Asks: 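First the structure, which I've put down as structure tokens, then a few questions once you've had a look.
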Amino acid sequence: MVFSERSKNWLGADPTDPTTDFRIRGTLAFGKGTVVAGDVTRVTASGRRFRFRVAGGRTYASGGAWSEMLPKGKKWTRASALKYQPYELSEQNVNIFEPAALRRVLDSTKSTTPNQPNNGLTTTRYSGSVTTKALCAVSPSCRKKFGRQVDIEISWQLWTNDKGQVVQLLTKWIWAKDENSAGGGSEVNTHYSGWGSRVTVEAPPANQVAAAS
């Protein structure tokens, strides 16, 4: 399947001044009902491009600082500190590839609107909000991202096609300023397509990969 998204994160109260602002596009490969590999390109607001690939349980990177120190003839690096799970190639605040997480989100639906146009498709839009406490109770990826102690509200909108497949997910959370934090937030808008299509993601050729460190 193919996904594209915009991901923004900010500190403080001003979402128009993000600390990170990525546009991401890539492919994900499935096996036995879960995401097993992926290949994405991330482009920053300033135009810098980074590429990440996860295959065979290893993460490979290219672009930016990852490429600046590569030996001649090498296009990819694989560092011991760099290890993504395939779903982490997306910045989404909710991992829709965990069935329990998707069910928990849909259980928090507050409104449902059928017959919504979405990139040429007729979709149903669901919207609501879910706390990280409720989501992390069923989602290992939520616990990895937010931890067990953080409890914030994630507002969301989700569009499905006539087959019930997710075609778009928009999530946003805001962490209010307090005596221990400057506050901040995140907004991620992801589009999904090509559900069920055959996708193969392989590790880069060994002669293009710098030795792991």
Side-chain angles (χ1 to χ4, degrees), residues 3-26 28 33-36 38 40 42-45 50 52 54 57 59 61 64-65 79-112 125-160 166-192:
F3 77 96
S4 61
E5 72 185 20
R6 185 177 184 186
S7 170
K8 298 190 298 180
N9 297 277
W10 61 89
L11 293 175
D14 185 4
T16 66
D17 185 25
T19 53
T20 63
D21 187 351
F22 289 111
R23 292 189 182 274
I24 304 172
R25 183 172 179 83
L28 298 175
T34 188
V35 184
V36 296
V40 304
R42 298 184 183 185
V43 182
T44 68
F50 301 84
F52 296 93
V54 176
T59 302
S80 58
L82 183 66
K83 188 168 184 177
Y84 286 126
Q85 293 299 315
Y87 73 85
E88 291 177 307
L89 294 174
S90 164
E91 294 286 319
Q92 248 311 336
N93 295 302
V94 174
N95 180 8
I96 67 165
F97 307 116
E98 288 179 342
L102 183 56
R103 286 195 296 270
R104 181 57 54 91
V105 167
L106 289 173
D107 285 345
S108 68
T109 298
K110 295 178 181 177
S111 67
T112 303
R125 180 173 63 88
Y126 303 85
S127 62
S129 62
V130 63
T131 64
T132 54
K133 182 178 181 180
L135 184 61
C136 289
V138 300
S139 170
S141 60
C142 175
R143 294 192 290 271
K144 184 176 181 180
K145 185 179 182 75
F146 293 100
R148 293 180 178 273
Q149 303 304 314
V150 174
D151 191 19
I152 56 179
E153 183 175 76
I154 300 174
S155 61
W156 59 269
Q157 297 182 65
L158 183 146
W159 290 256
T160 61
V166 179
V167 298
Q168 184 180 355
L169 174 63
L170 172 63
T171 62
K172 182 178 181 179
W173 60 263
I174 296 175
W175 194 342
K177 179 180 179 180
D178 58 28
E179 63 273 12
N180 300 313
S181 168
S186 168
E187 180 176 290
V188 187
N189 189 9
T190 310
H191 294 263
Y192 307 90

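We number each residue from 1, following the sequence as shown. Keep in mind that this is a model prediction, so the values were computed, not measured.
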Asks: Apply the side chain to side chain donor-acceptor pair (under 3.5 Å) test between N189 and each candidate in K172, R6, E5, Q168; give the one that qualifies.
Replies: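 Of the listed residues K172, R6, E5, Q168, the side chain to side chain donor-acceptor pair (under 3.5 Å) partner of N189 is Q168.
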Asks: For the pair F3 and Y192, name the ring-plane relationship: parallel under 30°, tilted 30 to 60°, perpendicular over 60°.
Replies: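 Rings of F3 and Y192: tilted, as their planes differ by 30° to 60°.
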Asks: Report the residues that fulfil side-chain hydrogen bond (donor to acceptor under 3.5 Å, both in side chains) with T109, sequence neighbours left out, ordered by chain and then residue number.
Replies: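 For T109 there are no side-chain hydrogen bond (donor to acceptor under 3.5 Å, both in side chains) partners, ignoring immediate neighbours.
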Asks: With rounding to the nearest 0.5 angstrom, report the CD1 to OG distance, I24 to S90.
Replies: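 These two atoms lie 6.5 Å from each other.
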Asks: So, taking the atom named CD in Q157 and the one named OG in S111, what distance separates them when rounded to the nearest 0.5 Å?
Replies: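 Rounded to the nearest 0.5 Å, the CD-OG separation comes out at 8.0 Å.
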Asks: Determine whether T34 and Y87 make a side-chain contact, defined as any pair of heavy atoms from C-beta on separated by less than 4.5 Å.
Replies: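 The answer is no, as the side chains (C-beta and beyond) never meet within the 4.5 Å cut-off.
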Asks: Considering non-hydrogen atoms only, spot the tightest contact between S7 and V188 and give its length.
Replies: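 Nearest heavy atoms, S7 then V188: OG-CG2, 3.9 Å.
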Asks: For residues V94 and V105, report the shortest heavy-atom separation together with the two atoms involved.
Replies: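 Heavy atoms only, the tightest pair is CG1-CG2, 3.7 Å.
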Asks: Looking only at heavy atoms, what is the nearest atom pair of A101 and N95, with distance?
Replies: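 Answer, listing the atom of A101 first, then N95: CB-O, 3.7 Å.
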Asks: Is it true that W156 and S108 share a donor-acceptor pair across their side chains at a distance under 3.5 Å?
Replies: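 A donor-acceptor contact under 3.5 Å links the two side chains.
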Asks: Nearest heavy-atom pair of L82 and A61: which atoms, and what distance?
Replies: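 Nearest pair, atom of L82 first, then A61: CD2-CB, 3.5 Å.
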Asks: Could you give the distance from OG1 (T190) to CG (N93), rounded to the nearest 0.5 Å?
Replies: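 These two atoms lie 9.0 Å from each other.
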Asks: Taking all non-hydrogen atoms of both residues, which atom of K110 and which atom of S129 are closest, and how far apart?
Replies: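 The answer is NZ-OG, 3.0 Å.
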Asks: Name all pairs fulfilling the salt bridge (Lys or Arg N to Asp or Glu O under 4.0 Å) condition that reach into residues 82-108, sequence neighbours left out, sorted by first residue then second.
Replies: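 Every salt bridge (Lys or Arg N to Asp or Glu O under 4.0 Å) pair that includes a residue of residues 82-108, provided the two are not neighbours, is R42-E91, E88-K144.
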Asks: Between P18 and W10, which heavy-atom pair has the shortest distance, and what is it?
Replies: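 That would be CA-CB, 3.9 Å.
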Asks: Report the C-alpha distance between W173 and T132 in whole Å, list the side-chain angles of each, state the deciding distance to 0.1 Å, and finish with yes or no for side-chain contact (heavy atoms from CB on, under 4.5 Å).
Replies: CA-CA 10 Å; W173 60 263; T132 54; over 6 Å; no
Asks: Do N9 and T19 pair up side chain to side chain, a donor and an acceptor below 3.5 Å, judged on atom types alone?
Replies: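 Checked: N9/T19 side chains show no N/O donor-acceptor pair below 3.5 Å.
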Asks: Output the distance between atom CD (Q149) and atom NZ (K133), rounded to the nearest 0.5 Å.
Replies: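 Atom-to-atom, Q149:CD and K133:NZ are 10.0 Å apart.
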Asks: Take V150 and W175 through the side-chain contact (heavy atoms from CB on, under 4.5 Å) test and state the conclusion after the steps.
Replies: CA-CA 10 Å; V150 174; W175 194 342; 3.9 Å; yes
Asks: Return the set of residues passing salt bridge (Lys or Arg N to Asp or Glu O under 4.0 Å) with R23 (not counting sequence neighbours), or none when no residue passes.
Replies: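 With neighbours one apart ignored, the set is empty.
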Asks: Flag the pair W159 / V166 as yes when at least one side-chain heavy-atom distance between them is below 4.5 Å, and no otherwise.
Replies: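 Contact flag for W159/V166 side chains = no.
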Asks: Can F146 and I152 be said to form a side-chain contact (heavy atoms from CB on, under 4.5 Å), step by step?
Replies: CA-CA 9 Å; F146 293 100; I152 56 179; 3.9 Å; yes
Asks: Between CD of Q92 and CG of L170, what distance do you get to the nearest 0.5 Å?
Replies: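 Result: 8.0 Å between the selected atoms.
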Asks: Does L158 form a side-chain contact (heavy atoms from CB on, under 4.5 Å) with L102? I'd like the steps, not just the answer.
Replies: CA-CA 10 Å; L158 183 146; L102 183 56; 3.8 Å; yes
